[in-house]
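See below for the structure under consideration.
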Amino acid sequence: MAAPRPLPLDPIDEAHRQWTAHGWGEVADGMAAVTSLVRAQQIVMARVDEALRPSGLTFSRYELLMLLSFSRTGALPMTVASARLQVHPTSVTNTVDRLEAARLVERVPHPTDRRATLIAITDAGRELATSTTEELNKRVFAEPGLPPDRLRQLLRLLAEFRHAAGDFEAGDITDRWS
């Protein structure tokens, strides 16, 4: 995919200027931060989608395959997958339906809880997850757009933001991305 032509000015900077000019200066930085995060997410997802396109996977399907491939047994209860992916159980069910139709996962009975169903990755799912990860590593993750020191700074800031939002409880954020 060809890189889009840059705009002659930064629209978020211009929005910040307008916000301030219209009397909302005290919240202009917050508006610019939120808008910048949303735009950064769009940029990153366009790169991810392009890398995933040949595999036929969406990012949510890829994430579920990777979660299962990283699990000790290659299988997890749907409720655990939902919690770890931080998505509604209905979304996991929809994702599993699509992956199951493609024979990349299968639903299996839980060995000790008759009420629960496990999602298990198949050999084909594991192979696709591996090859897709190699492509994402090469085309997206190896060069995310910032040099390593700035990337770690961004990771610290985003972890701080997510922690403050109640996303996780884990210990000292500053040491994690040093």
Handout entry: Side-chain touch Arg53/Glu50, heavy atoms, less than 4.5 angstrom
Key = yes
Problem - Flag side-chain contact, heavy atom, 4.5 Å: Val92 against Ile119 - result: yes
Handout entry: Working for side chain to side chain contact (heavy atoms under 4.5 Å, CB included), residues Gln86 and Asp167
Key = CA-CA 9 Å; Gln86 298 176 302; Asp167 205 31; 2.8 Å; yes
Exercise for the section: Assess whether atom CG of Asp123 is packed by more than 12 heavy atoms of other residues, nucleotides or ligands within 6.0 Å. Expected result: no
Problem - Expected output: side-chain Thr117 to main-chain Pro109 donor-acceptor under 3.5 Å - result: no
Fill in the blank from the handout: Separation between OG1 (Thr132) and CG (Leu65), nearest 0.5 Å, reads 8.0 Å
Practice task
Look up atom CG in Leu76 and atom CZ in Arg84, then write down how far apart they are to the nearest 0.5 Å.
Solution key: 5.5 Å
Handout entry: Thr93 side chain to Pro89 backbone, donor-acceptor under 3.5 Å
Key = yes
Practice task
For Glu134 and Asn137, run side chain to side chain contact (heavy atoms under 4.5 Å, CB included): C-alpha distance rounded to whole Å, both residues' side-chain angles, the deciding distance at 0.1 Å, then the answer.
Solution key: CA-CA 5 Å; Glu134 290 169 2; Asn137 284 344; 5.5 Å; no
Problem - Minimum-distance pair of heavy atoms, taken over all atoms of Ala51 and Val140 - result: CB-CG2, 4.1 Å
Practice task
Indicate if Met66 and Met45 have the same hydrophobic cluster label, given that clusters are the connected sets of ILVMFWY residues with side-chain heavy-atom separations under 4.5 angstrom.
Solution key: yes
Problem - Any donor-acceptor pair under 3.5 Å from Ser55 side chain to Leu52 backbone - result: yes
Problem - Residue pair Ala28 / Thr20: nearest heavy atoms and the distance that separates them - result: CB-OG1, 3.6 Å
Problem - Exceeds 12 heavy-atom contacts within 6.0 angstrom, atom CD of Glu143 - result: no
Handout entry: Point-to-point distance, once rounded to the nearest 0.5 Å, from CG of Leu118 to OG1 of Thr73
Key = 7.0 Å
Problem - Arg47 atom CZ, over 12 foreign heavy atoms within 6.0 Å - result: yes
Completion exercise
Closest heavy-atom pair, Arg61 versus Gly56, reported as atoms and distance to 0.1 Å, is NH1-O, 4.0 Å
Problem - From CE (Met78) to OG1 (Thr90), nearest 0.5 Å - result: 9.0 Å
Problem - Smallest separation among heavy atoms of Ser82 and His88, with atom names - result: OG-C, 3.7 Å
Problem - Closest contact, heavy atoms only, Leu9 versus Pro11 - result: O-CD, 3.1 Å
Handout entry: Transitive ILVMFWY side-chain link Phe168 to Val87, under 4.5 Å
Key = no
Handout entry: Candidate pair Arg17 and Glu14, rule salt bridge (Lys or Arg N to Asp or Glu O under 4.0 Å), full reasoning
Key = CA-CA 5 Å; Arg17 189 183 72 71; Glu14 176 60 15; 2.7 Å; yes
Exercise for the section: Give a yes or no on this: more than 12 heavy atoms of other residues, nucleotides or ligands lie within 6.0 Å of atom CZ of Arg107. Expected result: yes
Completion exercise
When rounded to the nearest 0.5 Å, the distance separating CG of Leu57 from CZ of Arg98 is 12.5 Å
Handout entry: Exceeds 12 heavy-atom contacts within 6.0 angstrom, atom CZ of Phe59
Key = yes
Problem - Flag side-chain contact, heavy atom, 4.5 Å: Pro144 against Leu151 - result: yes
Problem - Separation between CD1 of Ile121 and OG of Ser71, rounded to the nearest 0.5 Å - result: 8.0 Å
Exercise for the section: Check whether any side-chain N or O of Thr122 sits under 3.5 Å from a backbone N or O of Leu104 as a donor-acceptor pair, and report yes or no. Expected result: yes
Practice task
Flag the pair Lys138 and Glu135 as a salt bridge only when some basic side-chain nitrogen lies within less than 4.0 angstrom of an acidic carboxylate oxygen.
Solution key: yes
Fill in the blank from the handout: In short, Leu64 meets Ala81 closest at the heavy-atom pair CD1-CB, 4.0 Å
Problem - Within-4.5 Å side-chain heavy-atom neighbours: Tyr62 and Leu136 - result: yes
Exercise for the section: Say whether Leu37 and Leu157 are linked into one hydrophobic cluster, either directly or through other cluster members, by side-chain heavy-atom distances under 4.5 angstrom. Expected result: no
Exercise for the section: Would you check if there is a donor-acceptor pair between the side chains of Arg39 and Gln42 at a distance under 3.5 Å? Expected result: yes
Problem - Single-linkage hydrophobic cluster Val44~Leu85, side-chain heavy atoms < 4.5 angstrom - result: yes
Exercise for the section: State plainly whether one hydrophobic cluster holds both Leu128 and Phe70, where clusters connect Ile, Leu, Val, Met, Phe, Trp and Tyr through side-chain heavy atoms under 4.5 angstrom apart. Expected result: yes
